[in-house]
Structure formats: structure tokens, C-alpha cells
J.: 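Okay, here's the structure, questions in a sec.
We count ligands from 1, going down the list as the structure has it; atoms in each ligand are counted the same way. Each residue takes its place number in the sequence, starting with 1.
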Amino acid sequence: QTRKKKIGLIGGGQIGGNLALLAVQKNLGDVVLFDIPAAEGLVKGKALDINQLSAVDGYDCRVTGSTDWKDVAGSDVIIITAGVPRKPGMSREDLLDINLKIMKDVAANIKQHAPNAFVINVANPLDAMVFALYKIAELPKNMVVGMAGVLDTSRFKCFVAEALNTSIRDVEALVLGGHGDDMVPLVRHSTVGGVPLTELIAKDKLEAIVKRTREGGAELVALYKTGSAYFGPAASSIAMAESFLLDRKRVLPGAALLEGQYGINGYFFGAPLQIGAGGVEKVITVQLDDSEKAALEKSFQSVKKTVDSVKL
Ligand code: A3D
């Protein structure tokens, strides 16, 4: 008999609440929505609200709001959104000090209470936070990943579909590198219905789409003013969790530990990953031309600078 899966959501804020809703609606498993004691009412309220909604639509999974790490124990998947989001004018790196403090607490608790979980980090600065998580929680390298590429790729696909007025279902795109403004949307590897994007959209228009993708996070921060994107990040993280829980072996971009791929060793960095029951089962290498290599190197230098400043 198979038991229901358990999903631990660390951080019950904007993304956390949407993660809980999506997990239940997709029947992925029972959810523990965890936050600090000061946010106990928030997570208990969201849990109750979602459980009442699940009665309307007949979902069988349940959400529990908790401030006790013991409730997180035994989670199959953990998604971390504990951390402060950006406000207008801030870079993701500006969040490093405050979010690193939070990550140290979260990672130590994962080590103690849920060392066998597949852990997806969403907190920013993404590539540095997932590095700290890996080091502190001492997770196997295949069981820890950063979510950014799925969202960055979705943004790119969304703008392409809009520009061509085509169904987004037929847009395939790849964004590599760090989760920063110098991420690398791979125009040459992107297609619509199998047709290369470069044959469908003029160069200047494509460049504008690449720029808007890179600055996609900031565009939302400027609109929301009090925080950053949450629907997209939640859906993107759930896609990764689902591929693990259902052993779908989807190829999704994400930040994994690179060990020589793309000439990078010992850093988490965005690449196409195969995600299945074994967690990150494969890191896929893409052949790049000189200008793509240079763009990726620039992105890596930004990530490296932040990661190298992390004091564990
Ligand atoms: P928010 O709505 O503020 O929720 C964060 C929650 O974390 C709050 O409820 C806090 O109480 C909670 N928290 C703080 N400290 C702890 C702790 N030690 N243990 C457990 N919970 C804690 O933020 P949000 O949900 O909008 O964003 C969360 C994070 O995701 C931020 O760091 C954002 O920068 C990041 N983010 C990443 C992406 C990516 O694509 C990678 C996109 C958008 C936001």
C-alpha cells in the first residue's frame, strides 16, 4: 500500500500560501505549512482556508499550519520560501545578509528533522541560498536544487507567445545561468512548434524579449511595491516537486551543484536538469557558441561573487 506523500513548505508567506493551494489542487500530498511563531495565525489561517476550499471542490489532501519542526519531519519534499522578498530598488543580493541568517536556521532544522527530503530552495539570492542550504544541511547533491529557471523560462515563453500571438503550449525555451539580471536566455535553442525562434521574430524584438525576461522579477517588484512575484514562483516550484514525487523525469532548468559542467565546479548554477524519483538525476550540458559562453561566464562571475562572500 502506498502512503500519501508529505510536502513541507517552509515559509507560509505569499509564495508559501500559493504552494499549499497548488499542492492540494494537484493532489500531490498532505501539506505542512510551516512558519515562525510570530506567523502562527497566518499559517493556521491559510491551512483552514484551503481545507475549507478543498471541501468545495472535493480535494483529498489536507494542509496543517505549524510552527513546530517536528510536524515537518518525514516530508518527501520540502520547498523553502522562508526569507524576505525584494522591495522596489533592491537587488536580490541586497537580501543576502538577512536571508542567510534565516537559511542557517532552516537548513540546520532540515538536517535534524528531514534529512531524507528532496529540498527545493526558492529564497533569494537564489544561487547563494541553495549553496548555503547544501553545505549546512549536508544533503546529498542530488537531493537539493534551486528553483529559478522554470520561472525565468516561463517568463520568456510568455513574452514570446504574446509577441507572436501563438499558444504558449508550443513555445519551447531555455534560460541558463544564475538567477540575476545577467541570466542567459538561449534564443538559438528556443522554438515555437519546432521552428527556431530566430526565424519567427526579428532580432531587435527578440533582444527586447530577452531584456524583459532578465528584468522580469524587477518588473513585478515595481508593480507590487511591497514584495515580489508569487503566483509564478509557486507554480514553477510545484512543477519541480511534482516531477520528483511522480517520477516524471521532466527536463526542467534549475540550480544544481555543477561538477565540471559548463566549466564550473562546486557552485550551484542554472542548467537543464532531469528531475525524477532520484531527485536531480542528470545535469544536461548544452553546446554553446562563443557569445553564449561569454554570457554564461558573466552570469557565473556574478553568482561566484555572491557565493564567495557567504560566511557559513
Ligand atoms: P513573504 O510573503 O515575506 O514570506 C516569507 C515568509 O517566510 C514569511 O511568512 C516569514 O515569516 C517566513 N520566515 C521568516 N523566517 C523564517 C524562518 N526562520 N523559518 C520559517 N519561516 C520563516 O515572501 P515571499 O513568499 O513573497 O518570498 C519568499 C522568498 O522567495 C524571498 O526570499 C523572495 O526573494 C524569494 N523569491 C524567489 C523567486 C525566484 O524565482 C527564485 C521569485 C520570487 C521570490
J.: Students should be able to answer this: which protein heavy-atom is nearest to atom 22 (C) of ligand 1, and at what distance?
T.: A82 CB, 3.5 Å
J.: Can you tell me if S66 and D68 form a side-chain donor-acceptor pair at under 3.5 Å?
T.: no
J.: Please write down residue, atom name and distance for the protein heavy atom closest to atom 4 (O) of ligand 1.
T.: G13 CA, 3.3 Å
J.: Step through it carefully: locate the ring centre of Y224, locate the ring centre of Y230, and say whether they are under 6.0 Å apart.
T.: yes
J.: Would Y230 count as a contact residue for ligand 1, given that I'm defining contact as a non-hydrogen atom of the residue lying under 4.0 Å from a ligand atom?
T.: no
J.: Hey, which of D308, V307, T306 is the one that makes side-chain contact (heavy atoms from CB on, under 4.5 Å) with K304?
T.: D308
J.: Taking salt bridge (Lys or Arg N to Asp or Glu O under 4.0 Å) as the criterion, tell me which of K6, K4, R3 meets it with D76.
T.: R3
J.: Hey, mind stepping through F269 and Y262 against ring-ring contact (aromatic ring centres under 6.0 Å, His included) and telling me if it holds?
T.: CA-CA 10 Å; F269 198 56; Y262 301 96; 7.6 Å; no
J.: Return the closest protein heavy atom for atom 26 (O) of ligand 1 as residue, atom name and distance.
T.: Q14 CB, 3.6 Å
J.: Checking side-chain polar atoms at under 3.5 Å, does R62 have a donor or acceptor matched by the opposite partner on S54?
T.: yes
J.: Which ligand 1 atoms, with their elements, are less than 4.0 angstrom from a heavy-atom of N99?
T.: 32 (O)
J.: For atom 31 (C) of ligand 1, what is the closest protein heavy atom, and at what distance to 0.1 Å?
T.: V84 O, 3.4 Å
J.: With heavy atoms only and a cut-off of under 4.0 Å, state how V122 meets ligand 1: side chain, backbone, both or neither.
T.: both
J.: According to a hydrophobic-cluster definition based on side-chain heavy atoms being under 4.5 Å apart (Ile, Leu, Val, Met, Phe, Trp, Tyr only), do F231 and V122 belong together?
T.: yes
J.: Would you say G227 touches ligand 1, if touching means a heavy atom closer than 4.0 Å?
T.: no
J.: Have a look at ligand 1 and work out which part of L95, if any, has a heavy atom under 4.0 Å from it: side chain, backbone, both or neither.
T.: side chain
J.: Check the side chains of H179 and D127 for a donor-acceptor pair under 3.5 angstrom, ignoring hydrogens and angles.
T.: no
J.: With a cut-off of 4.0 Å, which atoms of ligand 1 are near a heavy atom of L151?
T.: 40 (O)
J.: Would R86 count as being in polar contact with ligand 1, using the rule that some N or O on each side must be under 3.5 angstrom apart?
T.: no
J.: Residue-level breakdown please: for R92 versus ligand 1, do any non-hydrogen atoms fall below 4.0 Å on the side chain, on the backbone, on both, or on neither?
T.: neither
J.: Among all protein heavy atoms, pick out the one at the shortest distance from atom 14 (C) of ligand 1; state its residue, atom name and that distance to 0.1 Å.
T.: I102 CD1, 3.9 Å
J.: Under 4.5 Å between any side-chain heavy atoms of F118 and V145, yes or no?
T.: yes
J.: For the residue pair N121 and L126, what are the closest heavy atoms and their distance?
T.: O-CD2, 3.4 Å
J.: Parallel, tilted or perpendicular, judged at 30° and 60°: which one describes the rings of W69 and F34?
T.: tilted
J.: May I ask you to identify the nearest protein heavy atom to atom 43 (C) of ligand 1, giving residue, atom name and distance to one decimal place in Å?
T.: A229 O, 3.4 Å
J.: Under 6.0 Å between the ring centres of F268 and Y134?
T.: yes
J.: How far is atom 8 (C) of ligand 1 from its nearest protein heavy atom, and which residue and atom name does that atom have?
T.: D35 OD2, 3.5 Å
J.: What atoms in ligand 1 come closer than 4.0 Å to a heavy atom of S228?
T.: 43 (C), 44 (C)
J.: Under 4.0 Å from a heavy atom of P233: give me the atoms of ligand 1 that qualify, with their elements.
T.: 42 (C), 43 (C)
J.: Checking a contact table here: which protein heavy atom is nearest atom 5 (C) of ligand 1, and how many Å away?
T.: G83 O, 3.2 Å
J.: Specify side chain, backbone, both or neither for I15, according to which of its non-hydrogen atoms lie closer than 4.0 Å to ligand 1.
T.: both
